[in-house]
Amino acid sequence: MFGFMDKSQVAAILNEIAVLLELKGENPFKSRAYINAARAIEGLTEPLEKVVAENRLDQIKGIGESIAQKITELVTTGKLAYYEELKASIPPGLIEMLEIPNLGPKRIKTLYDKLRIDSIEKLEKACKEGRVAILPGFGEKLQANILEGIQRARALASKHLLVEAWSVAEPILNELRNHPYITKCSVAGSLRRNKEVIGDIDFLVTSNKPKEVMEYFAGQPQVEKVLAMGETKASVLLQGGIQSDLRIVAEHEFPFALAYFTGSKEHNIVMRQRAIARSLRLNEYGLFRSKEETRDPSLLIPCKDETEIYERLGLHYIPPELREDHGEFEVAEKQPIPELVKYEDIKGSLHNHSTWSDGHQTLPEIVETMHAHGFKYWAITDHSKSAFQAGGLDVPTLKKQLAEIKKINQRLKEQGIDFMLLTGIEVDILKDGSLDLPDEILAELDVVIASVHSGFAGGEAEMTKRIIKAVQNPWVNILGHPTGRLLLKRDPYPVNIHAVIDACAETGTWIEFNCAPDRMDLDWRYWPFAKSKGVKCAIGIDAHSANDVIFLKLGVGTARKGWLTPSDVVNCLPIPQLLEALKQKRKRFNVA
DNA sequence: GCCGTTTTCGGCCCGACTGTTTTCAGTCG
């Protein structure tokens, strides 16, 4: 009996064991051994079941006798006694506490051993009573930082990354779509607008049997708790703590309700004002010939879709992503909104990792999966040597990788496969603005991304200077995730982004729109400015595994909020034009 | 817990930063 668990599930449990061991105060190298083993499993190029069946686990570097046994148990039985016991021996609150900045295994262990703190609530209380500050190794400042971290974590608890919201919403949306009593169906709210961070998930449907639909919705397996349920609206709490509202409207109300519940609030205010200016009234039930708030059907101006609503208010259609009152009305009054970039326009990703650094796919696996997805090229931009924790590449290793890529491309060409790997690097921008690898090696690469990964503490002036120095390097094609933010976790580092954009414009450097769900960086709010300066956008998945293609689907949605069109995005270029475009900066600097 | 031997135990990956100290521990990437 085999195949209870796949690679990523096994790796996840090994990683969790590592965390639990640390919390127990075990030898840190023991914990590290589990992390290494997890990585070895993820990097495996053949099926895990096969290796287990043939008893070859301990031949893998990083996996010894003990861990091999545990993996075998997991794969053959789907369970691991050692893991269950370990988990049972540690209060679950301790693991939660790891989420709070400045709290790691050591401090959490001290808090637990000395003060019996095993939950965030107890920790907050102890901080407020000043009992944490007097512990050895703790102090007033740390206590204040912990308290602040708790409050921050709480404020963000009701917010969710776009990818999380979609992964919860999509199966429910499909269920609703297929339901016999439901005729029309859509998500609304910030999810439909592709905001990078989502509050709750709004569903809107039309039905003649609202009661049955309500009950069906509340009975979905993902629903943890029903908060409210009436005739037209239900509110539930979904697994993972995301709140979701379902609204049911009549068929003829659907376009108005969709527009209304899609928002944004700011966008809706302008829409309603435009209605008033035309002696009309707009609300979620319709557009009415009336000076007063009303739902009187005899006053309704029928609209079959959102486009007609916009037209009635003297506007061209505005796609949901642009409904933020960020200049969309000024344009839509005069001309059609430009055709924004779509997922189907993207021919490849320019920022990706492989097993050569911290990615989970080998180069041949990347070729196979990304070609199958219909992409034409894929840049391999692993980390550079300073990114030690990510297994960054030094010059000799990078040269080996280049040789392998060359071989792979040769093979693809011989087989007549319309796909190629581009060589590249995500090179670290060091503290002084210099790069982590010498120009000579950068010159050999197709794509050079420069990114900041460390040293966030400097002030705005210092960081701005540092980044500008990096983009002035003739070999740097792309500035990677320019503000370094991690959504819901870490604010952007202080940087004068307008000055950076100017420097990119002057040097012919592209700016990345990084699609990692917690980055979405450069923020869509800055792209109209970048566009106005003529700066091109390189969309990067920052892919570490095959599943990350979903990031591109969502990332393009968020990039649309920045008014990006196919001509602004270099990944929309076919390969010959892209390769030519990549050489432009070098020509400008007279280095190629 | 793994690895690699100078074969049976000592080293394992590094640097910045912060806040705690009075020379360093813990966290984070």
Side-chain angles (χ1 to χ4, degrees), chain A residues 13-41 57-73 80 82-83 86 94 97-114 127 132-149 353 357-358 382-394 397 426 428-432 436 451-459 462-463 466 480-481 484-486 489-494 516 518-519 542 544:
Chain A
I13 288 179
L14 294 174
N15 278 321
E16 208 179 315
I17 291 174
V19 172
L20 294 167
L21 289 173
E22 275 201 88
L23 283 172
K24 273 207 116 141
E26 287 269 4
N27 176 1
F29 292 106
K30 184 170 167 180
S31 167
R32 174 72 43 80
Y34 278 91
I35 293 171
N36 290 340
R39 204 151 142 173
I41 290 297
L57 272 174
D58 56 2
Q59 287 170 26
I60 301 167
K61 196 170 171 335
I63 297 177
E65 194 186 342
S66 164
I67 293 186
Q69 246 173 41
K70 295 188 173 84
I71 294 173
T72 305
E73 190 179 334
L80 177 57
Y82 172 74
Y83 166 65
L86 192 60
L94 298 192
M97 284 160 67
L98 275 172
E99 296 289 314
I100 297 164
N102 299 310
L103 281 192
K106 293 273 169 54
R107 286 177 182 151
I108 289 174
K109 190 169 187 309
T110 306
L111 289 165
Y112 182 59
D113 290 346
K114 303 265 182 193
C127 283
V132 170
I134 53 176
L135 287 174
F138 288 73
E140 289 293 337
K141 209 145 187 178
L142 191 53
Q143 179 175 266
N145 283 343
I146 292 170
L147 208 47
E148 200 189 308
H353 298 272
S357 69
D358 61 349
D382 278 306
H383 289 283
S384 64
K385 62 185 196 306
S386 292
F388 211 94
Q389 74 286 349
L393 274 54
D394 57 11
T397 320
E426 182 184 17
D428 262 45
I429 300 175
L430 303 177
K431 193 129 197 231
D432 63 355
D436 191 29
S451 311
V452 171
H453 288 114
S454 59
F456 302 143
E462 195 186 328
M463 186 59 94
R466 175 180 171 194
H481 46 70
R485 71 175 178 188
L486 292 180
K489 250 190 285 181
R490 186 177 74 203
D491 286 335
Y493 38 68
D518 56 351
R519 291 195 184 271
D542 208 343
H544 288 73

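No hydrogens, no waters, no symmetry mates; every other heavy atom, side chains included, goes into these values. Below, read A as the first sequence line, B as the second, and so on, with proteins coming before strands; counting in each chain starts at 1.
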Spacing of [X] atom [atom1] relative to [N] atom [atom2], expressed in whole Å:
X        : N      : atom1 : atom2 : result
A:Asn145 : B:dT18 : CG    : P     : 11 Å
A:His383 : B:dG15 : NE2   : P     : 19 Å
A:Leu111 : B:dG26 : CG    : P     : 12 Å
A:Ile134 : B:dT21 : CD1   : C1'   : 17 Å
A:Asp58  : B:dC3  : CG    : C1'   : 13 Å
A:Leu135 : B:dT21 : CG    : C1'   : 16 Å
A:Asp428 : B:dA16 : CG    : C1'   : 13 Å
A:Lys61  : B:dG4  : NZ    : C1'   : 10 Å

Go through [options] for me and flag the one nearest to the [X] side chain.
X        : options                : answer
A:Ser66  : B:dG4, B:dA16, B:dG1   : B:dG1
A:Lys30  : B:dG26, B:dG1, B:dG4   : B:dG1
A:His453 : B:dG19, B:dG29, B:dT27 : B:dG29
A:Lys141 : B:dT27, B:dC12, B:dG19 : B:dG19
A:Asn27  : B:dG26, B:dC12, B:dG19 : B:dC12

Would you mind classifying the nucleic acid contact of [X] as base, sugar-phosphate or nothing, using non-hydrogen atoms under 4.0 angstrom?
X        : value
A:Glu140 : sugar-phosphate
A:Pro136 : nothing
A:Glu65  : sugar-phosphate
A:Leu21  : nothing
A:Ile60  : sugar-phosphate
A:Pro28  : nothing

Discussion item. Does B:dC17 have its OP1 or OP2 closer than 4.0 Å to a side-chain nitrogen or oxygen of A:Lys431?
Written reply: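 Yes, within the criterion.
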Practice prompt. Verify the contact: side-chain N or O of A:Arg490 to OP1 or OP2 of B:dG29, cut-off strictly under 4.0 Å; return yes or no.
Written response: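 Result: yes.
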Practice prompt. Please state whether the rings of A:His544 and A:His383 are parallel, tilted or perpendicular, taking 30° and 60° as the class boundaries.
Written response: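 Plane angle between 30° and 60°, so tilted.
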Practice prompt. State the pairing partner of B:dA25; accept Watson-Crick or G-U wobble contacts with both distances under 3.5 Å, and report none otherwise.
Written response: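 B:dA25 is paired with B:dT18.
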Say whether, by atom type as modelled, one donor and one acceptor occur between the side chain of [X] and the main chain of [Y] under 3.5 angstrom.
X        : Y        : answer
A:Glu26  : A:Leu21  : no
A:Asp436 : A:Lys385 : yes
A:Arg485 : A:Arg519 : yes

Item to complete: By nearest nucleotide on DNA chain B, pick out whichever of A:Arg107 and A:Tyr34 is the more 5' one.
Response: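 Upstream on the strand: A:Tyr34.
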Worksheet entry | Nearest-nucleotide 5' precedence on DNA chain B, A:Phe138 against A:Pro105 |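 Of the two residues, A:Phe138 wins.
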Worksheet item: How many angstroms lie between atom NZ of A:Lys109 and atom CD of A:Glu22, to the nearest 0.5 angstrom?
Response: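 Going from the NZ atom of A:Lys109 to the CD atom of A:Glu22 covers 12.5 Å.
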Worksheet item: Is there a side-chain contact (heavy atoms from CB on, under 4.5 Å) between A:Arg107 and A:Leu135 once you walk through the steps?
Response: CA-CA 10 Å; A:Arg107 286 177 182 151; A:Leu135 287 174; over 6 Å; no
